[in-house]
Number of protein chains: 2
Amino acid sequence: MNIGEAAARSGVPAKTIRYYEDIGLIGRPARAENGYRDFSGTDVHTLRFIARARGLGFSVREVGELLSLYHDHSRASAAVKAVAEQAINRIDTKIGELQSMRSTLSDLAERCHGDQRPDCPILDDLAGS
Amino acid sequence: MNIGEAAARSGVPAKTIRYYEDIGLIGRPARAENGYRDFSGTDVHTLRFIARARGLGFSVREVGELLSLYHDHSRASAAVKAVAEQAINRIDTKIGELQSMRSTLSDLAERCHGDQRPDCPILDDLAGS
DNA sequence: ATGAAGGTTCCGGCGACGGGAAGGTCAAGG
DNA sequence: CCTTGACCTTCCCGTCGCCGGAACCTTCAT
């Protein structure tokens with residue numbers, strides 16, 4: 001199948017599929033006589049795997065690790081779990097940062113009248129007054 | 001003062017200060033006779049403002065808006081609050097996405113033995129089995 | 001005199017793509 | 001038969017917010 005159909009079936013945009021090929025995340029797909037990429041069902045399966053993993057927050061590099069772990073049927077599940085826990089830690093860190101920002105911001109926003117008057121604790125805080 | 005001291009006093013790296021100048025977030029600072037940038041206390045104050053705002057999660061573009069609102073003493077606090085609420089909404093959206101990922105990931109990780117055996121629900125899920 | 005520690009500009013790279021140009025290909029319709 | 005439009009191809013540039021490094025200049029201490 002052509003890249004458009006592979007994109008539709010996998011949920012990965014055609015541009016992104018080419019990009020994944022470029023960076024070596026996926027192997028080079030077969031080519032038809034006209035030079036078009038010719039994707040197999042297996043290729044689409046791999047793309048779906050990637051799409052799901054990306055959706056769960058794994059980086060492209062981690063997805064590469066997961067893919068090779070997936071193809072290595074003798075690997076230990078501990079290796080996979082380690083990658084997942086790394087991702088969880090990264091996410092937790094990020095959530096913490098965001099919650100801290102959110103908390104400060106909403107404090108400031110609550111104290112700001114939000115009307116026509118110019119005085120504003122948000123700017124005052126940013127200015128360090 | 002030179003860029004290095006301005007960086008130390010504001011917490012904004014010298015490279016970043018030059019970048020902010022490039023993109024027009026800050027005005028062009030004065031230049032000494034030797035061609036070095038010559039920062040004033042006001043410049044450092046502005047840089048600190050920027051550093052704080054960035055730390056709260058405002059985008060550089062938003063920081064630009066906040067700076068011009070800060071300098072416009074006749075603006076309504078509502079305008080500032082709007083920018084802040086926009087940032088809060090963006091942060092909330094992001095937190096929601098991350099929490100959803102985190103939840104799925106930790107479910108999967110819990111169900112994964114994480115030992116020498118190869119069977120792993122994480123990969124099974126990604127493979128869509 | 002020399003070397004270190006600043007400063008300057010400019011160029012390139014990161015991650016993970018997306019947009020769009022310039023051109024080849026293919027099936028359907030007038 | 002020809003055209004139209006929807007695909008496909010490669011290529012390069014832009015995004016966001018910087019950071020690293022090259023090549024060069026200035027200043028200061030030894």
Side-chain angles (χ1 to χ4, degrees), chain A residues 1-26 28-39 43-44 46-47 49-67 86-87 90-91 93-94 97-98 101, chain B residues 1-26 28-40 43-44 47 49-67 86-87 90-91 93-94 97-98 101:
Chain A
M1 78 194 76
N2 285 345
I3 199 170
E5 193 178 342
R9 290 201 190 185
S10 65
V12 179
K15 274 264 180 193
T16 305
I17 296 177
R18 294 195 193 97
Y19 169 69
Y20 288 160
E21 184 186 339
D22 270 357
I23 63 170
L25 180 61
I26 57 176
R28 298 194 182 167
R31 294 283 180 155
E33 289 192 359
N34 56 14
Y36 288 13
R37 287 170 183 80
D38 187 16
F39 293 87
D43 291 334
V44 170
T46 300
L47 288 170
F49 182 107
I50 293 172
R52 265 185 266 248
R54 294 286 297 126
L56 285 180
F58 290 103
S59 71
V60 167
R61 205 180 55 78
E62 284 169 335
V63 174
E65 294 176 33
L66 290 173
L67 273 174
Q86 211 178 335
R90 197 182 49 242
I91 289 172
T93 300
K94 192 70 188 170
E97 290 170 6
L98 291 175
M101 291 175 188
Chain B
M1 79 194 76
N2 286 345
I3 199 171
E5 194 179 340
R9 291 202 190 183
S10 66
V12 180
K15 277 264 181 193
T16 305
I17 297 177
R18 294 197 192 96
Y19 169 70
Y20 288 160
E21 185 186 338
D22 269 358
I23 63 171
L25 180 61
I26 58 176
R28 298 195 183 166
R31 294 282 180 156
E33 289 191 0
N34 56 13
Y36 289 12
R37 288 171 183 79
D38 186 18
F39 294 87
S40 68
D43 291 334
V44 170
L47 288 170
F49 182 107
I50 294 173
R52 266 184 266 249
R54 295 285 298 127
L56 285 180
F58 290 103
S59 72
V60 167
R61 204 180 56 77
E62 283 169 336
V63 174
E65 293 176 33
L66 291 173
L67 273 175
Q86 211 178 336
R90 197 182 50 243
I91 289 173
T93 301
K94 192 70 187 170
E97 290 169 7
L98 290 174
M101 291 175 188

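Since this is a predicted model, take the numbers as computed values, not measurements. Naming convention: chains lettered A, B, ... in sequence-line order (proteins, then strands); numbering from 1 in each chain.
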Q: Residues in side-chain hydrogen bond (donor to acceptor under 3.5 Å, both in side chains) with A:Thr93, at least two apart?
A: none
Q: What is the distance from atom CG of B:Leu47 to atom CD1 of B:Ile3, rounded to the nearest 0.5 Å?
A: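 With rounding to 0.5 Å, CG (B:Leu47) is 8.5 Å from CD1 (B:Ile3).
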Q: Please give, in whole Å, the distance from C:dG15 P to A:Arg90 CZ?
A: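 After rounding, the gap between these two atoms is 12 Å.
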Q: Looking at CD of A:Glu5 and CZ of A:Phe39, how far apart are the two atoms once the value is rounded to the nearest 0.5 Å?
A: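 Here the rounded value is 11.0 Å.
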Q: Which whole-number value in Å describes the distance from B:Leu56 CG to D:dG17 C1'?
A: 17 Å
Q: How close do B:Ala7 and B:Pro13 get, heavy atom to heavy atom, and via which atoms?
A: CB-C, 4.1 Å
Q: Kindly indicate whether the side chain of A:Arg37, heavy atoms from C-beta on, has any atom under 4.5 Å from the side chain of A:Ile17.
A: no
Q: Report each atom pair, protein N/O against N/O of nucleotides 27-30 of chain D, whose distance is under 3.5 angstrom.
A:
| unit_1 | atom_1 | unit_2 | atom_2 | d |
| --- | --- | --- | --- | --- |
| D:dT27 | OP1 | B:Asn34 | ND2 | 3.4 |

Q: Say you draw a straight line from OG1 of A:Thr46 to OH of A:Tyr20; how long is it, rounded to the nearest 0.5 Å?
A: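 That separation rounds to 12.5 Å.
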Q: Restricting to nitrogen or oxygen on both sides, can you table the protein-nucleotides 11-14 of chain D pairs closer than 3.5 Å?
A:
none

Q: Nearest whole Å is fine: how far is D:dG17 C1' from B:Leu25 CG?
A: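 Roughly 11 Å, once rounded to whole Å.
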Q: Give me the distances for all protein-to-nucleotides 3-5 of chain D N/O pairs that come in under 3.5 Å?
A:
none

Q: Drop me the distance from A:Leu66's CG to A:Arg54's CZ, to the nearest 0.5 angstrom.
A: 11.5 Å
Q: Can you tell me the distance, in whole Å, between the CZ atom of A:Arg31 and the C1' atom of C:dG24?
A: 13 Å
Q: Take atom CE of B:Met1 and atom P of C:dG7, then tell me their distance rounded to the nearest Å.
A: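 To the nearest whole Å, that distance equals 12 Å.
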Q: Just how far is it from atom CD of B:Glu65 to atom CZ of B:Arg61, taken to the nearest 0.5 Å?
A: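 Here the interatomic distance stands at 5.0 Å.
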Q: In chain order, what residues pass the salt bridge (Lys or Arg N to Asp or Glu O under 4.0 Å) check against A:Glu97, with sequence neighbours excluded?
A: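 Here the qualifying residues are A:Lys94.
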Q: Nearest whole angstrom, please: distance from the P of C:dC11 to the CZ of B:Arg18.
A: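 Computing the B:Arg18:CZ to C:dC11:P distance gives 16 Å.
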Q: Can you tell me which nucleotide in C:dG7, C:dG18, D:dG17 comes closest to the side chain of B:Asn2?
A: C:dG7
Q: Return the value, rounded to whole Å, for the distance between atom CD1 of B:Ile3 and atom C1' of D:dT26.
A: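 Atom-to-atom, B:Ile3 to D:dT26, this comes out as 15 Å.
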Q: Between A:Arg37 and D:dT10, is there a side-chain N or O to OP1/OP2 distance below 4.0 Å?
A: yes
Q: Could you state the OH-C1' distance from A:Tyr20 to C:dG18, rounded to the nearest angstrom?
A: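 To the nearest whole Å, that distance equals 13 Å.
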Q: Does the side chain of B:Asp43 come within less than 4.5 Å of B:Ile26's, by heavy atoms?
A: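 When only atoms from C-beta onward are counted, B:Asp43 and B:Ile26 do not touch, as no gap falls below 4.5 Å.
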Q: Once rounded to the nearest 0.5 Å, what's the spacing between atom CG of B:Leu25 and atom CD1 of B:Ile50?
A: 4.0 Å
Q: Under the side chain to side chain contact (heavy atoms under 4.5 Å, CB included) test, which residues partner B:Arg28, sequence neighbours left out?
A: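 Here the qualifying residues are B:Glu21.
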Q: Could you check whether B:Ile23 gets within reach of a base, just the sugar-phosphate, or nothing at all, counting any heavy atom under 4.0 Å?
A: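 Result for B:Ile23 = nothing.
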Q: If you only use heavy atoms from C-beta on, which nucleotide in D:dG17, D:dC18, C:dG7 is closest to the side chain of B:Thr16?
A: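 Of all the options, the side chain of B:Thr16 is nearest to D:dC18.
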Q: How is B:Arg54 classified with respect to the nucleic acid when contacts are heavy atoms under 4.0 Å: base, sugar-phosphate, or nothing?
A: sugar-phosphate
